[in-house]
Amino acid sequence: MIVLSGMIGAGKSSLTNILAEHLGTQAFYEQVDDNPVLPLFYANPKKYAFLLQIYFLNKRFASIKRALADDNNVLDRSIYEDALFFHMNAEMGRATEQEVQVYDELLDNMMEELPYAAHKKAPDLLIHLVISYDKMLAHIQKRGRPYEQPQNDASLVDYYHNLLDRYQQWYQDYHYGPKMQIDCDKYDFVDNLADRQAVLRIIDKKLQERKTLDN
Ligand SMILES: Nc1ncnc2c1ncn2[C@@H]1O[C@H](COP(=O)(O)OP(=O)(O)O)[C@@H](O)[C@H]1O
Ligand SMILES: Nc1nc2c(ncn2[C@H]2C[C@H](O)[C@@H](COP(=O)(O)O)O2)c(=O)[nH]1
């Protein structure tokens with residue numbers, strides 16, 4: 001299983017699709033457009049941060065279990081990023097201490113139940129998408145979800161900067177297995193075929209190195 005990580009709008013869903021097609025494996029997407037809690041959260045984060053997190057956590061737990069069934073399935077954001085979002089929102093005063101405690105215990109329990117946990121296996125590769133604030137914002141504007149637009153809610157500027165700052169530390173701390181980063185400011189794998197091929201070559205090389213080490 002390959003997991004993608006990165007900032008909102010970095011290009012995870014796009015690369016998940018490209019990579020799964022390239023490898024001939026299954027793509028598992030994050031539930032966004034049919035997520036009934038997401039617009040509620042953006043309208044009232046304090047009221048809905050905990051509910052939204054439980055919603056995502058539950059979906060991510062289900063997805064990672066299904067994605068683990070075959071080699072090289074591609075997962076668009078995983079359970080590994082879940083706490084990054086919730087702890088940041090909690091520090092912003094959007095969750096109570098008790099909610100954080102319940103959440104942390106639930107997450108620990110779920111991690112212990114992942115099918116590979118007992119065998120000490122891990123995702124074959126984490127691909128982390130790195131992006132600048134300006135590029136990320138351009139992607140968010142291009143995609144056009146109204147509740148994600150800073151022109152509709154100025155507080156999102158701080159929210160996105162805060163999240164972006166934390167992502168690099170999150171990547172440094174990720175310790176479940178091999179990892180790599182792709183620079184989304186450098187490679188336009190959506191609209192530029194040469195860039196897309198370059199990114200796929202980099203990933204293939206990393207997967208090959210991993211295979212060689214395993215044999
Ligand atoms: N490298 C890229 N170059 C150009 N547009 C991109 C790139 N990556 C993503 N996009 C565009 O940005 C928007 C968000 O991309 P998406 O894959 O949904 O990001 P994520 O899943 O990380 O939120 C989409 O409209 C997508 O077409
Ligand atoms: N509070 C949280 N919000 C989350 C979480 N995971 C995703 N999201 C939000 C961010 C975006 O608005 C949207 C989809 O994210 P993409 O990166 O796929 O565009 O959902 C979370 O765990 N907590």
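First listed ligand is number 1; within each ligand, the first listed atom is number 1.
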* Structure fact -> dist Leu40:CG -> Tyr48:OH (nearest 0.5 Å) comes out at 5.0 Å
* To do: With sequence neighbours left out, write down each residue that passes ring-ring contact (aromatic ring centres under 6.0 Å, His included) with Phe86, or none if nothing qualifies.
  => Tyr103
* **Close approach, Arg77 and ligand 1, non-hydrogen under 4.0 angstrom** => no
* Asked: Which ligand 1 atoms, with their elements, are less than 4.0 angstrom from a heavy-atom of Ser14?
  -> 9 (C), 15 (O), 16 (P), 17 (O), 26 (C)
* Asked: Which residue pairs pass the side-chain hydrogen bond (donor to acceptor under 3.5 Å, both in side chains) test when at least one of the two sits in residues 180-189, sequence neighbours left out?
  -> Ser132-Asp185, Gln168-Gln181
* To do: For ligand 2, would you mind listing the residues that have at least one heavy atom less than 4.0 Å away, ordered by chain and number?
  => Ile8, Gly9, Lys12, Glu30, Val32, Leu38, Phe41, Tyr42, Leu52, Gln53, Phe56, Arg60, Arg77, Phe85, Asn89, Arg143, Arg145, Glu148, Tyr159
* To do: Please state whether the rings of Tyr167 and Trp170 are parallel, tilted or perpendicular, taking 30° and 60° as the class boundaries.
  => perpendicular
* Structure fact -> among protein heavy atoms, the one nearest atom 5 (N) of ligand 1 is Lys142 NZ, 3.2 Å
* To do: Quick one: pull up CE in Met1 and CZ in Phe28 and give me the separation to the nearest 0.5 Å.
  => 10.0 Å
* To do: Could you tell me which residues satisfy side chain to side chain contact (heavy atoms under 4.5 Å, CB included) with Asn152, sequence neighbours excluded, listed by chain and number?
  => Pro146, Gln149
* Does a side chain donor of either Asn109 or Glu113 reach within less than 3.5 Å of an acceptor in the other side chain? -> no
* Asked: Counting each atom of ligand 1 from 1 as listed, which ones have a heavy atom of Tyr187 under 4.0 Å away?
  -> 1 (N)
* Asked: Counting heavy atoms only, which of Glu30, Arg143, Arg196, His139 is nearest atom 23 (O) of ligand 1?
  -> Arg143
